[in-house]
Amino acid sequence: MPLSAAASAREILTGLHDIMGARGSAQSKLDKVVDLIAEKMGSEVCSIYLLRDNKLELFATHGLRKEAVHVTRLRMGEGLVGTIAAEGRILNLAEAADHPAYIYKPETGEERFHSFAGVPIVRLESPIGVLAVQHADPRRYEDVEIEALQTVAMVLSEMIAAARLVDGARRSRLRSAGPLRLSGLKLVAGMAKGHAVFHEPRILVEHTVADDIEAERERVYSAFRKMREQIDNMAKEAEFGVAGEHQEILETYRMFAYDEGWSRRINSAIDSGLTAEAAIERVQQRTRARMRDIDDPLLRERMHDLEDLSNRLLRIVSGWMGTAAQTGLAHDTVLIARNLGPAELLEYDRRRLKGVLLEEGSLTSHMTIVARAIGVPVIGRLHDIRHSVEDGEMILVDGDNGSVIVRPNRALQSSFEHRMSLSQKRRAEFAAIRNLPARTVDGVEVSVMVNAGLAEDAASLPMTGADGIGLFRTEFQFLVSATLPGRDRQLRLYTKVLEAAGNRPVVFRTVDIGGDKALPYLTDEVEEHAENPSMGWRALRLSLDRSTLMRAQARALIEASAGKVLRVMFPMVSEPWEYEEARALFEEQVEWARKGHRKVPKKIEFGAMLEVPSLAEMLDQLLPRVDFISVGTNDLTQFLFAADRSDPRLAQRYDWLSPAILRFLKRVLDQARKAGVPVRICGEMAGRPLEAMALIGIGADKFSITPAGVGPIKGMTRSLDAAAIKSRMDQLLAKPPKDVRKALTDWAKRHNVTIG
Ligand code: PEP
Ligand code: MG
């Protein structure tokens, strides 16, 4: 190569700019482009192949026989050119004929040439063509020459798309890709159909050639600075478990964000004449190409982190930092993300959001709970989903089975629609029984309430057929709000909820913030680094320390319940004194209201949530002081098993139907029954028919569950003989088999219990 790579690439870019700006057909421009590249790179052959009707057609060449233009066509994957396009990889060969994919096309006259280098021409991560150079001497091209070729390919892709020489980058891949079936972890059941939307949209690089290289350098420099700041902040916020990102990912982000090699490569791409956006994308393409050759899954995983970061940098540099929620959803949407926080999910338009697909995610994370509450099916642990789907592609979500079909054909779509209508029918059947009592065949009454947290949930309470709201998560209001909701705003919500509930009871839980329920406006208060946010300064611990917050909430709840019964409970009570302190705070507020001649509730029922195992050891002290106990199995399980509820790697590891959990719960239920204190199970566990059946078998008769579970749980209860399951559970817990779930499923089938 006569000039330095950057200098020759820059000369080519300037030349390309002139060619593009001049008059002439697209074909004549491409002819000039290959001449220009051959001359500036000092190569004997330069050819451009473009994807047309799924074939790579020789569109222009300098050095090969002209008769071959528009005649030589290769399938994706065929020959060297087809391999480059199909695998998105770079080939750099001293002896082309030695490569296993080499095929000889006589019309081109290429037998004279020994060395070969080719790079894919890519648009929106899809190959649209190949740019190749050849030499008579057997030689390998230097890295800098390959980089120059990539830079040119990058600019060419813009020009090719603008001239509409290919059918469209996305469609070309779509056609070749066909339907794709994936399976993941079922997080929220339900079926949905919609178009793929990325939570963090990808940026389409529009302008590739820089007008002012210095200015581009400056743009990248400040984008890097901003990105590093963001990552550092995210790491700080992780103390509160921000947006579901995990510590490990943040560490990798940080490592890449400060990686000198990465910024150097971007800068040298800018030196060759690219805009900041194009340079970031060019370097990313190169990384992607290298990634394809890596076998190590761990390393590939890390490469995805770099990809995330590269997209972030691209978004910062192009000034578009928002999520898809800010742009609004244009049609029925299946949202795709690595992970989502509960607040991020709530930003989406619920009429259009039909499903969520995540690469991570776990069953009891708050984002999953929120999705369940608003009835959006979610599938998690879909490995690499963000790289298997294109923006706008049709997706079928089968949340009942944890499977997804991307780009379905007509047959797949119609069978899915058939199943969807069956599932709707099943829902209609549940709807028909939802107002019937949840009474077992042998006459045991089970109380079924729902978990809620938004004003809309309360409004739809009568339609759920539930006996009331057994857990109103007051922190949801805090999560969806940009600023801390004051007493008045809280008062308005609680009043509305109580009005909507009418005669049905509502159990308010005081705020449970912290853990994975991050509040951006409160994170500053956390000074020390929290290694385990869900076991950290959260829920009642935080409320007792920030008593102003708790006092404002107490006043709002007391005022909203004036003249009525106020039912209130405290989350994450670990020892009885915490409960006593919280209760005393409420009682002081009642006193204060009385003194001010304000109306107060006619009665207050106080309860404690049992979700930290230590409390179970103190029940003898606690039970005489409470009106009720509410068991939060989501947290309880994570603490009993020492298994982080939001860690996707542990999502399937521990079973709610394990003897450890069931024996633990049975002891609590027995002890509370003896003390005459009602116990309600309000974690996600109780909303699943098989689990609820086991719970009835250990003596539970009060549940608070997700609204969609009311029909199925009532259906199960109405087909169950409580005495029979009790004796079966006694046997199973006395001598547990290896797989309690299987034993219970078999039992339910044998006894015709409707478990769905
Ligand atoms: C629980 O932990 O089971 C519970 C109901 O509370 P949350 O899921 O809101 O932490
Ligand atoms: Mg909890």
Side-chain angles (χ1 to χ4, degrees), residues 187-188 240-241 244 341-343 345-346 361-374 378 448-454 457 469-480 506-519 532-543 567-574 578-579 582 607-616 628-647 651 654 656 661 664-665 668 679-688 691-692 695 700 702-707 709:
L187 295 179
V188 179
F240 245 176
L345 176 74
L346 286 168
S362 67
L363 211 49
T364 59
S365 80
H366 285 100
M367 125 74 206
T368 307
I369 291 172
V370 173
R372 199 171 291 131
I374 62 177
V378 183
V448 180
M449 294 203 188
V450 284
N451 298 340
L454 301 163
D457 297 341
I469 297 177
L471 162 65
F472 189 87
R473 292 182 164 105
T474 58
E475 66 276 5
F476 277 16
Q477 186 186 23
F478 289 65
L479 280 172
V480 295
V506 178
V507 183
F508 290 98
R509 175 177 75 182
T510 59
V511 284
D512 178 359
I513 13 189
D516 68 337
K517 297 183 232 189
L519 297 186
N532 279 311
S534 59
M535 295 205 275
W537 193 55
R538 80 170 255 220
L540 189 58
R541 300 165 181 182
L542 185 149
S543 300
R567 295 172 179 90
V568 63
M569 63 182 179
F570 309 111
M572 292 273 293
V573 179
S574 320
E578 292 169 323
Y579 164 80
M609 281 195 74
L610 195 158
E611 39 188 359
V612 180
S614 60
L615 194 64
F628 61 93
I629 292 279
S630 186
V631 181
T633 50
N634 305 334
D635 276 313
L636 184 64
T637 317
Q638 77 165 340
F639 298 135
L640 263 187
F641 286 115
D644 186 345
R645 69 194 262 184
S646 47
D647 187 333
Y654 301 98
W656 276 315
I661 279 279
F664 185 98
L665 291 175
V668 171
V679 176
R680 188 171 299 278
I681 315 277
C682 70
E684 300 306 302
M685 172 182 184
R688 305 175 140 221
E691 278 81 343
L695 288 169
K702 291 179 184 53
F703 301 139
S704 186
I705 60 175
T706 179

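Note that the structure is predicted; figures quoted are calculated from it, not measured. Each ligand, and each atom within it, is numbered from 1 in the order the structure gives.
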| field | Mutual orientation of the aromatic rings belonging to Phe472 and Phe508 [parallel < 30°, tilted 30-60°, perpendicular > 60°] | value |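 Phe472 and Phe508: perpendicular rings.
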| request: Determine whether the side chain, the backbone, both or neither of Leu471 has a heavy atom under 4.0 Å from any heavy atom of ligand 1. | output: side chain
| field | Side chain, backbone, both or neither: the part of Asp512 lying under 4.0 Å from ligand 1 by heavy atom | value |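 Answer for Asp512: side chain.
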| message | Measuring from atom 5 (C) of ligand 1, which candidate in Gln638, Met572, Arg473, Glu611 has the nearest non-hydrogen atom? | response |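 Checking each option, the heavy atom nearest atom 5 (C) of ligand 1 is found in Arg473.
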| request: Calculate the angle formed at the Mg ion (ligand 2) by OE1 in Glu611 and OD2 in Asp635; 10° precision is enough. | output: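 The two atoms form an angle at the metal of about 100°.
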| Stepwise side-chain hydrogen bond (donor to acceptor under 3.5 Å, both in side chains) test for Ser704 and Asn451 | CA-CA 6 Å; Ser704 186; Asn451 298 340; 2.6 Å; yes
| What atoms of ligand 1 come within less than 4.0 Å of a heavy atom belonging to Cys682? |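 Listed by number with element: 5 (C).
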| message | Show the atoms of ligand 1 that are less than 4.0 angstrom away from any heavy atom in Arg538. | response |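 Listed by number with element, the hits are 10 (O).
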Tell me if a side-chain donor or acceptor on [X] pairs with a main-chain N or O of [Y] at a distance below 3.5 Å.
X: Ser574; Y: Val612; result: no
X: Glu691; Y: Ala686; result: no
X: Glu475; Y: Asp512; result: yes

| request: Find the distance between CZ (Arg541) and CD1 (Ile513) and round it off to the nearest 0.5 Å. | output: 14.0 Å
| note | Separation between CZ (Arg680) and CZ (Phe703), nearest 0.5 Å, reads 10.0 Å
| said: Under 3.5 Å between any N/O of Glu684 and any N/O of ligand 1: does that happen in this structure? | reply: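 No, Glu684 has no N/O under 3.5 Å of an N/O on ligand 1.
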| request: Consider ligand 1: state whether an atom of it lies below 4.0 angstrom from any non-hydrogen atom of Arg509. | output: yes
| Taking 2.8 Å as the cut-off, does an N/O/S atom of Asp512 lie below it from the Mg ion (ligand 2)? |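 It does not; every qualifying atom lies at 2.8 Å or beyond.
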